[in-house]
Number of protein chains: 2
Amino acid sequence: MGRPREFDTDQALESAMRVFWARGYEAASLAELTAAMGITKTSMYAAFGNKEELFRKALQRYGAGPAAYAMRALGEPTARAVAVAFLRGAVRTTTPPGGPTGCLTVQGALASSDDGRPVHDLLVDWRNDAGVRLEERFRRAVAEGDLPPGADPRRLARFIMTMGFGVAVQAANGLGPAELDEIVDTALLAWPS
Amino acid sequence: MGRPREFDTDQALESAMRVFWARGYEAASLAELTAAMGITKTSMYAAFGNKEELFRKALQRYGAGPAAYAMRALGEPTARAVAVAFLRGAVRTTTPPGGPTGCLTVQGALASSDDGRPVHDLLVDWRNDAGVRLEERFRRAVAEGDLPPGADPRRLARFIMTMGFGVAVQAANGLGPAELDEIVDTALLAWPS
DNA sequence: ACGGTTCTGCACCGACCGGTACTTAACTAC
DNA sequence: GTAGTTAAGTACCGGTCGGTGCAGAACCGT
């Protein structure tokens with residue numbers, strides 16, 4: 001009951017996510033966010049709480065959308081296939097045809113003022129969690145004989161994550177998917193046979 | 001002639017560089033910068049011009065100091081030694097015992113508002129230039145027979161740069177030098193024999 | 001001693017920051 | 001029709017942003 005909302009919250013959140021993606025958390029002003037969302041500040045606060053909450057929800061949406069490749073990659077049958085799917089996914093997501101380059105979780109708040117500390121820490125945790133999940137998947141691969149017995153799952157996971165972060169920076173640097181795929185091919189030469 | 005300056009510009013610039021390093025360009029406020037430099041805003045403007053000029057000079061100092069490892073690495077005798085020196089240097093610089101973690105050129109302005117665009121572009125150029133110099137060094141290595149004839153210098157340079165950027169993000173994520181060195185060791189398995 | 005020059009410290013500028021109080025509009029239940 | 005509820009729009013809040021005008025202080029050459 002009450003007056004119905006005149007905008008689509010999913011759509012507005014998608015727009016906000018793109019602004020955060022392009023600008024980072026702190027540099028994305030409420031004025032630019034709400035302009036992109038097509039609503040007023042008042043409506044944003046009523047619907048999402050505040051700027052930080054809006055970012056948290058945008059990050060959630062990012063994880064379920066553009067960054068879903070990371071979870072999907074874990075489902076690949078072999079450790080090598082997981083690594084390949086993960087890095088190819090990173091390349092695609094960081095170089096979308098009609099969207100911001102780079103990775104929201106990397107450029108969202110790599111460095112920040114004291115005010116942005118909560119979001120900074122949130123993203124640190126997000127990135128580390130992704131590494132832990134990759135590590136667990138590789139540990140399973142060792143148990144399944146899919147990786148050599150001497151392989152170090154944690155080390156391999158960190159290596160793949162590091163490449164992913166590097167790809168995100170290179171994408172922000174202007175490299176395209178073809179060039180990034182080449183880099184990924186080179187990196188995969190390090191993968192244990 | 002005129003009243004002599006009461007502070008050491010080099011020392012003040014060093015302090016400013018550290019603040020930019022920890023906060024990034026836009027999130028570093030003039031208040032925090034000048035507090036760290038031990039001078040007033042007026043003195044800063046008189047000595048360095050404005051915030052953007054201060055950053056440019058801090059970046060120059062960063063290149064000549066903490067990031068000098070990059071230029072130094074180019075002087076190594078073999079391509080492999082260059083790659084090793086470059087990545088080990090990146091690890092050391094992004095995890096200083098008593099300084100900010102990560103890399104100033106990466107977290108300085110990966111994403112920014114419109115106001116920060118000039119600095120953003122400056123850092124993009126800085127990072128790309130580093131890659132080009134590495135590429136030129138590897139091209140020379142191919143000519144000298146130091147790398148296999150089929151090796152692709154550009155691709156190898158981009159791979160090493162990507163690892164360097166990834167290391168910078170992992171350092172900001174909290175990883176220490178020992179863990180980062182492990183990651184570098186893993187990456188170097190991809191290096192052509 | 002004195003004019004010229006440069007640096008310092010304080011107060012202040014307009015603009016924008018994230019966030020909100022309040023009025024009005026649009027709906028539902030009765 | 002009317003009371004209750006929620007959304008939308010405007011106008012505003014104190015605080016901070018990068019940047020500056022101005023007066024006085026510290027030096028130089030003469």
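Source: prediction; values computed, not measured.
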Please report the distance, rounded to the nearest Å, between [atom1] in [X] and [atom2] in [N].
| X | N | atom1 | atom2 | answer |
| --- | --- | --- | --- | --- |
| B:F48 | D:dG18 | CZ | P | 16 Å |
| A:F55 | C:dG18 | CZ | P | 14 Å |
| A:M44 | C:dT20 | CE | C1' | 12 Å |
| B:L54 | D:dG18 | CG | C1' | 12 Å |
| B:Y25 | D:dC17 | OH | P | 14 Å |
| A:E6 | C:dT24 | CD | P | 17 Å |
| A:D114 | D:dT16 | CG | P | 12 Å |
| A:R117 | C:dG18 | CZ | P | 20 Å |

B:K57 vs B:D10, salt bridge (charged side-chain N to carboxylate O under 4.0 Å, His left out): CA-CA, chis, key distance, verdict | CA-CA 10 Å; B:K57 278 152 186 157; B:D10 272 4; over 6 Å; no

Which is true for A:D115 with a 4.0 Å heavy-atom rule: it touches a base, it touches only sugar-phosphate, or it touches nothing?
->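 Nothing, no nucleic acid heavy atom in range.
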
Residues from residues 26-41 of chain A lying under 4.0 Å of DNA chain D - heavy atoms =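 Going residue by residue through residues 26-41 of chain A, the ones with a heavy atom under 4.0 Å of DNA chain D turn out to be A:T40.
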
Would A:D129 and A:R133 satisfy salt bridge (charged side-chain N to carboxylate O under 4.0 Å, His left out), going step by step from the backbone distance to the final call?
-> CA-CA 6 Å; A:D129 285 353; A:R133 274 196 281 271; 5.4 Å; no

Is there a donor-acceptor pair under 3.5 Å between the side chain of B:E26 and the backbone N or O of B:S113?
->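 Yes, B:E26 side chain to B:S113 backbone: donor-acceptor pair under 3.5 Å.
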
Could you tell me the separation between the CG atom of A:N173 and the CZ atom of B:R127, rounded to the nearest 0.5 Å?
->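 Atom-to-atom, A:N173:CG and B:R127:CZ are 4.0 Å apart.
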
Spatial distance of atom OG1 (B:T162) from atom CD (A:E182) [nearest 0.5 Å] =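 Here the interatomic distance stands at 11.0 Å.
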
Taking every non-hydrogen atom, the tightest pair across A:A172 and B:V124 |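 Here A:A172 and B:V124 meet closest at O-CG2, 4.3 Å.
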
Give a yes/no on whether any side-chain N or O of B:T42 is located under 4.0 angstrom from OP1 or OP2 of C:dG9.
->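 So the side-chain polar atoms of B:T42 never come under 4.0 Å of the phosphate oxygens OP1 or OP2 of C:dG9.
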
Which is it for A:R88 and A:D185 under the salt bridge (charged side-chain N to carboxylate O under 4.0 Å, His left out) test, yes or no, and what are the steps along the way?
-> CA-CA 10 Å; A:R88 298 269 182 247; A:D185 290 341; 2.5 Å; yes

Quick test: give all pairs of protein nitrogen or oxygen and nucleotides 1-6 of chain D nitrogen or oxygen below 3.5 Å, distance rounded to 0.1 Å.
residue : atom : partner : partner atom : Å
D:dT6   : O2   : A:R3    : N            : 3.2

Mind running salt bridge (charged side-chain N to carboxylate O under 4.0 Å, His left out) on A:E135 and A:R139 for me, showing each step along the way?
-> CA-CA 6 Å; A:E135 176 186 342; A:R139 183 169 297 126; 2.6 Å; yes

Geometric class of the A:Y62/A:W126 ring pair [parallel <30°, tilted 30-60°, perpendicular >60°] =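 The rings of A:W126 and A:Y62 sit tilted, inter-plane angle from 30° to 60°.
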
